[in-house]
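Working notes for the structure below.
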Amino acid sequence: MTGIQRRLLAWYAKYGRANLPWRVVRDPYYTVVSEFMLQQTQVDRVVPIFGTFISRFPTFSALAKGPQSEVVRYWKGLGYNTRAVRLKALADAVVTKFGGEMPTEENLLLELPGVGPYTVAAIRAFAFNYDAAPMDTNVRRIVHRVHFGIEYPAKAASKELDMLARQLVPNGKAHDWSSAMMDLGALVCTARAPRCAACPLQTLCVAAPIDAARLERLREEFAKPATAKEPVPFELTARFARGRIVDRLRELPPGERISLLDLEREIVGIVAAEVGERFDELVAALEKEKIVARDGNEISLA
DNA sequence: AACCCGGGGAT
DNA sequence: ATCCCAGGGTT
């Protein structure tokens with residue numbers, strides 16, 4: 001083990017969030033559910049919903065058996081509802097194709113719905129402790145800072161970081177290493193205002209000590225021009241309207257439907273006029289994503 | 001490569 | 001007021 005690896009793991013043993021529900025119980029199902037919920041969603045928001053979700057759907061088999069509409073109802077508060085649809089489809093596949101046992105081969109995992117390169121590595125590292133390096137935004141940022149310096153502008157390509165990260169994982173300790181990197185990224189080596197003084201790697205890090213003001217300046221200097229778009233209040237966006245539609249359908253008693261006309265009337269009363277005019281378009285998109293289903297002129301969660 | 005998908009917390 | 005988040009799928 002290198003000095004960096006030792007210090008990182010020692011820091012994790014002391015300050016890591018070992019009490020996270022998907023770390024307390026080592027179960028591939030817990031790993032998969034948590035990884036889906038955590039895609040682009042912060043830990044604090046996932047924790048309470050994870051608990052109620054696991055209580056209702058404790059195993060792949062239970063999730064495969066449950067109706068998708070109920071899965072989507074339990075997803076309320078997390079956003080990105082297609083993740084719920086894909087997770088349910090994944091459970092179906094695990095039960096029907098793999099006898100209820102989560103596969104471990106990369107190629108098999110990658111074919112599962114909602115599973116990309118990151119989640120393949122996450123499942124292998126967290127559920128099976130194979131020597132994999134899930135490259136999330138935290139790991140990427142830390143590896144870049146420690147080995148190449150501040151990430152603006154990026155001095156290392158994504159592929160280069162990926163290769164390096166894999167070498168950095170101590171043999172047989174992928175679970176703890178990845179957990180440690182993600183906790184360090186969330187608690188110390190944060191994107192905006194890193195706490196280098198509290199970092200176990202500060203004396204070994206190319207970027208430390210990071211001056212937050214300088215970091216901010218560099219980020220703005222090298223930000224993509226697209227970021228300088230005209231800001232629109234979230235309540236005026238199509239995404240907000242989509243959320244209201246799905247939430248309204250969540251309120252329907254299971255098995256019941258609502259007429260499209262009634263739903264449109266309610267939604268138009270809530271959202272901005274320009275978005276309300278696109279009601280049909282929004283419903284069509286939700287239908288295509290298998291989140292909702294139409295039955296004649298009525299609609300419900302799929 | 002660019003775009004879409006939620007919504008709440010941190011700064 | 002803007003950035004950020006345990007990414008993946010589609011175009």
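By convention in this document, chain letters (A, B, ...) are assigned in the order of the sequence lines, proteins followed by strands, and residues within each chain are numbered from 1. Values in this document were obtained by computation on a predicted structure and should not be read as measured data.
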Quiz item: With distance as the sole criterion, is a donor-acceptor pair present between the side chains of A:D176 and A:S179 under 3.5 Å?
Solution: no
Quiz item: CZ of A:F36 versus C1' of C:dC5: gap in Å, rounded?
Solution: 17 Å
Practice problem: Report yes or no: does A:R56 contribute a side-chain atom to a donor-acceptor pair with the main-chain N or O of A:Y74 at less than 3.5 Å? | Solution: no
Quiz item: Which of these nucleotides, C:dC4, C:dA6, C:dG8, is closest to any side-chain atom of A:P117?
Solution: C:dG8
Quiz item: Taking for each residue the nucleotide of DNA chain B bearing the nearest heavy atom, is the 5' side occupied by A:D44 or by A:R239?
Solution: A:R239
Quiz item: Heavy atoms under 4.0 Å, any strand shown: does A:K76 hit a base, just sugar-phosphate, or nothing?
Solution: nothing
Quiz item: How long is the line joining CZ of A:F240 and P of B:dC4, in whole Å?
Solution: 19 Å
Quiz item: With rounding to whole Å, what would you report as the distance between C:dG9 and B:dG8 at their P atoms?
Solution: 25 Å
Quiz prompt | Nearest-angstrom distance from the residue atom CZ of A:R83 to P of C:dA6 | solution = 12 Å
Exercise. Test for a donor-acceptor pair under 3.5 Å between the base of C:dT2 and the side chain of A:R192, counting only N and O atoms.
Key: yes
Quiz prompt | Sugar-phosphate, base or nothing in reach of A:W75, heavy atoms under 4.0 Å | solution = nothing
Practice problem: Tell me whether the OP1 or OP2 atom of B:dC5 has a side-chain N or O from A:N81 closer than 4.0 Å. | Solution: no
Quiz item: What are the two closest heavy atoms between A:K173 and A:L9, and how far apart are they?
Solution: CD-CD1, 3.9 Å
Quiz item: Taking for each residue the nucleotide of DNA chain C bearing the nearest heavy atom, is the 5' side occupied by A:P113 or by A:E35?
Solution: A:E35
Quiz item: When you check the phosphate oxygens OP1 and OP2 of B:dG6, does a side-chain N or O of A:R244 lie under 4.0 Å from one of them?
Solution: no
Practice problem: Please state how far atom NZ in A:K288 lies from atom P in C:dT10, giving the value in whole angstrom units. | Solution: 9 Å
Practice problem: May I ask you to decide whether A:D136 forms a salt bridge with A:R140, counting only side-chain N to carboxylate O separations under 4.0 Å? | Solution: no
Quiz item: A:E289 has an atom CD; how far is it from atom P of B:dC5, in whole Å?
Solution: 7 Å
Exercise. Taking only Lys NZ, Arg NE, NH1 and NH2, and the carboxylate oxygens of Asp or Glu, determine whether A:R141 and A:E151 approach each other closer than 4.0 Å.
Key: no
Quiz prompt | Sugar-phosphate only, base, or nothing, as touched by A:A122 at under 4.0 Å among non-hydrogen atoms | solution = nothing
Exercise. Specify the residue among A:A193 and A:Y80 whose closest nucleotide of DNA chain B lies further upstream toward the 5′ end.
Key: A:Y80
Quiz prompt | Whole angstrom value for the distance that separates P of C:dA1 from CD of A:E235 | solution = 12 Å
Quiz item: Within the structure, does a side-chain N or O atom of A:R219 lie under 4.0 Å from either OP1 or OP2 of B:dT11?
Solution: no
Quiz item: Salt-bridged, A:R244 to A:D247, with N to O below 4.0 Å?
Solution: yes
Quiz item: Is A:R242 near enough to B:dG6 that one of its side-chain N or O atoms lies under 4.0 angstrom from OP1 or OP2?
Solution: yes
Quiz item: C:dA6 P sits how many Å from A:D183 CG, rounded?
Solution: 10 Å
Quiz item: Reckon A:R140 touches a base, only the sugar-phosphate, or nothing at all at heavy-atom distances under 4.0 Å?
Solution: nothing
Quiz prompt | Base B:dG6 paired with A:T41 side chain (donor-acceptor, <3.5 Å) | solution = yes
Exercise. Answer yes or no: does a side-chain N or O of A:Q40 lie under 4.0 Å from OP1 or OP2 of C:dG7?
Key: yes
Quiz prompt | Sugar-phosphate, base or nothing in reach of A:V139, heavy atoms under 4.0 Å | solution = nothing
Quiz item: For A:R86 and A:D136, take the nucleotide of DNA chain C holding the closest heavy atom to each; which residue's nucleotide lies nearer the 5' end?
Solution: A:D136
Self-check item: Side chain of A:Q39 (C-beta onward), nearest among C:dC5, C:dG8, C:dA6
Solution: C:dG8
Exercise. Could you tell me the separation between the CD1 atom of A:I49 and the P atom of B:dG8, rounded to a whole number of Å?
Key: 10 Å
Quiz prompt | Donor on one side chain, acceptor on other, A:R23 and A:H175, under 3.5 Å | solution = no
Quiz item: Below 4.0 angstrom from OP1 or OP2 of C:dG7, is there any side-chain N or O of A:T119?
Solution: no
